[in-house]
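Everything below concerns the one structure shown next.
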Amino acid sequence: MTIGGYTGREQDITGVVIEADGTVDLGEDEETFTVLSYGNGPGFLQNNGTGVGDFTFIDRDTMEAGGTAGMTYLQASAAPIDAETHGGDDVGIWAAGPMAHLFHGVHEQSYIGHVMSYAACIGPQSVRERCKDL
């Protein structure tokens, strides 16, 4: 997923790009575009192209300003595959309280789930001795 355009603060991240001055951003094709965009996924099939090598022949669905993407909304994407894939962006994580010391520096994604299970005494970590009195 990427964040596109220059949307203003406190705008709905699932909606269209609206700049800080309230101007709705439009693409070169004069259509609105969403703040969040997928690089790949089933939303590619929503793009209907009738020409080759010219973006003006692509017919995109318009999302109204002020609207949000509902549960059935299919996000547009740039590459056609049946499901989107994970991004490679770093994700910040902060913790406070018991076991917060286990979050420090850079960790693999799978580590986060294990630490959460351990700290909260849930899932596979619930059988540990320290969790029995909780």
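Predicted model, so just to flag it, every value in this text is computed and none were measured.
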Shortest non-hydrogen contact between C131 and Q125, atoms and distance | SG-O, 3.6 Å
Derivation of the side-chain contact (heavy atoms from CB on, under 4.5 Å) call for D25 and I18 | CA-CA 6 Å; D25 259 353; I18 302 173; over 6 Å; no
By salt bridge (Lys or Arg N to Asp or Glu O under 4.0 Å), E108 pairs with (sequence neighbours left out) none
Can you list the residues that meet the side chain to side chain contact (heavy atoms under 4.5 Å, CB included) rule with D21, with sequence neighbours excluded?
-> E19, T23
Would you please name every residue forming a side chain to side chain contact (heavy atoms under 4.5 Å, CB included) with A120, sequence neighbours left out?
-> I122
V35 to I13 - nearest heavy-atom pair and separation = CB-O, 3.5 Å
Among Ile, Leu, Val, Met, Phe, Trp and Tyr joined by side-chain contacts under 4.5 Å, find the other residues sharing a cluster with V106 and list them by chain and number.
-> none
Taking all atoms of both residues into account, what is the closest heavy-atom pair of S126 and C121, and its distance?
-> CB-O, 3.3 Å
Flag the pair T32 / V17 as yes when at least one side-chain heavy-atom distance between them is below 4.5 Å, and no otherwise.
-> no
Looking at residues at least two apart in the chain, or sitting in another chain, which of them share a side chain to side chain contact (heavy atoms under 4.5 Å, CB included) with L102?
-> M99, Y111, V115, Y118
Closest contact, heavy atoms only, F103 versus I93 = CE2-CD1, 3.7 Å
Less than 4.5 Å apart, any side-chain heavy atom of T34 and any of T14?
-> no
With sequence neighbours excluded, residues passing ring pair (Phe, Tyr, Trp, His ring centres under 6.0 Å) with H104 = H107
